[in-house]
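Right, one structure below, let's go through it.
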Amino acid sequence: RFHHVHGTNVRLDASRTRATRVESFANGLCFSQEPLAPGQIFLVEIEEKELGWCGHLRVGLTAHDPQSLEVVPEYSLPDLVNMGDTWVFAITRSHNRVMEDGEEARVRVQGSPWEPFLLIEKVKIPRDTLVGRSRPGRYSHILDDLYKMNVLPATARRSRIGVLYAPQPDGTANMHIIINGEDMGPSARHLPTTRPLYAVVDVFASTKSVRVIPVEYGFPSLQTLCRLVIQKHIVHRLAIDGLDLPPPLKSFCKHE
């Protein structure tokens, strides 16, 4: 979930899994509720866009405990970064990949996009959850294969963007940004692992609303298994609205 400390223009829903910027284009800074564990991804999906602004979502990590901030900065870049011990990456429509030294002339091999797991150094994450796709519609039960191939651009609605840190042999860590199942490379290096690291999500400019996506690394949870059973026994996902279920559960069942 998101931390209860956030920017002045952010409104969280009752579950603190959806953050919406209600005014202006700034003061949309959000944090993860807890520090991230090594290799744990904090993943969000872009729910709403707002036309008329330049710039998009910004994500990263900070060693500052949100609870300790006297005032939440207006911007992640440069305000929060200028406080030190903060690493933030601005998401663009393209060119999000960070090239390593000497990598300009070659392509990093990450494995096939159809492989079930994304491997980042020693971190292994189920790829399907990481990939953002257009919302399932009335005939998605017929077109599921086509739906799974419809991967979205980085800044589009339903795109999924995550951040994690991978420990290194020297005791530091590398920060990785993952966009729709693809690792953008180490966006920052030599992060301290002796201090808790919180995820930073800046709901900036043309990004108006984001939702936290739970990622299960092992066996699926009972909540996920119930969702799969519900989806299996309906004609199409839009019929979920007609079920006698609490609104939060309906919302959860509509999404992959």
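Any value given below was found using the heavy atoms of this structure, including those in side chains, with hydrogens, waters and symmetry copies removed.
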message: Is it the case that the side chain of His3 and the backbone of Val5 share a donor-acceptor pair, with hydrogens and angles ignored and the cut-off at 3.5 Å?
response: yes
- prompt: Residues two or more places apart in sequence or in another chain: which of them pass side chain to side chain contact (heavy atoms under 4.5 Å, CB included) with Lys49?
  reply: Ile46, His56, Thr155, Arg157, Ser206, Thr207
query: Under the side chain to side chain contact (heavy atoms under 4.5 Å, CB included) criterion, do Lys124 and Leu118 qualify, and how do the steps go?
result: CA-CA 6 Å; Lys124 189 176 182 181; Leu118 175 65; over 6 Å; no
field: Shared hydrophobic cluster, Leu36 / Ile177 (ILVMFWY, side-chain heavy atoms < 4.5 Å)
entry: yes
task: Applying salt bridge (Lys or Arg N to Asp or Glu O under 4.0 Å), run through Glu48 and Arg18 and close with a yes or a no.
output: CA-CA 11 Å; Glu48 291 185 55; Arg18 191 171 190 264; 2.8 Å; yes
- prompt: Looking only at heavy atoms, which two atoms of Gly55 and Ala205 are closest? And how far apart?
  reply: O-CB, 3.3 Å
- line: CD (Glu45) and CG (Leu152) are apart, to the nearest 0.5 Å, by 8.5 Å
query: Between CZ of Arg211 and CZ of Arg158, what distance do you get to the nearest 0.5 Å?
result: 7.5 Å
- line: dist Met184:CE -> Ile120:CD1 (nearest 0.5 Å) comes out at 9.5 Å
query: Side-chain heavy atoms under 4.5 angstrom apart, residues restricted to Ile, Leu, Val, Met, Phe, Trp, Tyr: same cluster for Ile179 and Val203?
result: yes
query: Please, which pairs that meet side-chain hydrogen bond (donor to acceptor under 3.5 Å, both in side chains) have at least one residue in residues 26-36, sequence neighbours excluded?
result: Arg1-Gln33, Arg16-Gln33
message: I'd like to know if the side chain of Asn96 reaches the main chain of Ile91, judged simply by a donor and an acceptor atom lying under 3.5 Å from each other, with no hydrogens or angles considered.
response: no
message: Counting C-beta onward and ignoring hydrogens, is there a side-chain heavy-atom pair between Leu80 and Leu29 closer than 4.5 Å?
response: yes
- prompt: Which residue pairs pass the ring pair (Phe, Tyr, Trp, His ring centres under 6.0 Å) test with at least one member in residues 159-182, sequence neighbours excluded?
  reply: none
message: Give me each pair satisfying ring pair (Phe, Tyr, Trp, His ring centres under 6.0 Å) with a member in residues 188-213, each pair once, sequence neighbours excluded.
response: none
Side-chain ion pair, Arg127 and Glu182, N-O less than 4.0 Å: no
task: Output yes when a side-chain donor or acceptor of Lys208 lies under 3.5 Å from a complementary backbone atom of Arg21, and no otherwise.
output: yes
message: With heavy-atom distances below 4.5 Å as the criterion, would you say the side chains of Val201 and Leu57 are in contact?
response: yes
Name the atoms and distances for all side-chain donor-acceptor pairs under 3.5 Å in residues 67-76, with sequence neighbours left out.
| residue | atom | partner | partner atom | Å |
| --- | --- | --- | --- | --- |
| Gln67 | OE1 | His4 | NE2 | 3.0 |
| Ser68 | OG | Asp65 | O | 2.6 |
| Ser76 | OG | Asp202 | OD2 | 2.7 |

field: Asn174 vs Leu191 side-chain heavy atoms within contact, under 4.5 Å
entry: no
statement: Sorted by chain and residue number, the side chain to side chain contact (heavy atoms under 4.5 Å, CB included) partners of Pro246 (sequence neighbours excluded) come out as Pro248, Leu249
- request: Give a yes or no answer on whether the side chain of Arg189 reaches the backbone of Ala173 with a donor-acceptor pair at less than 3.5 Å.
  value: no
- prompt: Got Val98 and Phe89 here, is their nearest side-chain heavy-atom distance under 4.5 Å?
  reply: yes
task: Check for a donor-acceptor pair, side chain of Asn9 on one end and backbone N or O of Val22 on the other, with a separation under 3.5 Å.
output: no
field: ring pair (Phe, Tyr, Trp, His ring centres under 6.0 Å): pairs with one or both residues in residues 19-44, sequence neighbours excluded
entry: Phe2-Phe42, Phe25-Trp53
statement: Taken in chain and number order and not counting sequence neighbours, the residues that satisfy side chain to side chain contact (heavy atoms under 4.5 Å, CB included) with Asp244 are none
message: Please determine whether side chain to side chain contact (heavy atoms under 4.5 Å, CB included) holds for the pair Ile240 and Ile234, giving the CA-CA distance in whole Å, both sets of side-chain angles, and the decisive distance to 0.1 Å.
response: CA-CA 8 Å; Ile240 292 174; Ile234 56 175; 3.4 Å; yes
task: Would you check if Val215 and Leu43 make a side-chain contact, meaning some heavy-atom pair closer than 4.5 Å?
output: yes
message: Strictly distance-based, threshold 3.5 Å: is any side-chain N or O of Thr86 a donor or acceptor partner for the main-chain N or O of Gly84?
response: yes
field: For Glu121, salt bridge (Lys or Arg N to Asp or Glu O under 4.0 Å) partners two or more places apart
entry: none
query: When rounded to the nearest 0.5 angstrom, what distance separates OG in Ser187 from CZ in Arg97?
result: 10.0 Å
query: Atom CG of Leu130 and atom CZ of Arg160: how far apart are they, to the nearest 0.5 Å?
result: 8.5 Å
field: Residue pair Val123 / Ile125, side-chain heavy-atom distance below 4.5 Å
entry: yes
message: If the condition is side chain to side chain contact (heavy atoms under 4.5 Å, CB included), which residues does Val10 pass it with, not counting sequence neighbours?
response: His6, Leu12, Ala19, Cys30
message: Could you report the tightest heavy-atom contact between Asn180 and Pro153, atom names first, then the distance?
response: ND2-O, 3.8 Å
query: Less than 4.5 Å apart, any side-chain heavy atom of Val59 and any of Val88?
result: no
Contact list for residues 78-87, test salt bridge (Lys or Arg N to Asp or Glu O under 4.0 Å), sequence neighbours left out: Asp85-Arg195
task: List for me each residue that meets salt bridge (Lys or Arg N to Asp or Glu O under 4.0 Å) alongside Arg11, sequence neighbours excluded, and say none if there are none.
output: none
task: Taking all heavy atoms of Ala199 and all of Val163, pick out the closest pair and write down the distance.
output: CB-CG1, 4.0 Å
message: Counting C-beta onward and ignoring hydrogens, is there a side-chain heavy-atom pair between Leu61 and Val200 closer than 4.5 Å?
response: no
- prompt: What distance separates Leu197 CG from Thr193 OG1, expressed to the nearest 0.5 Å?
  reply: 8.0 Å
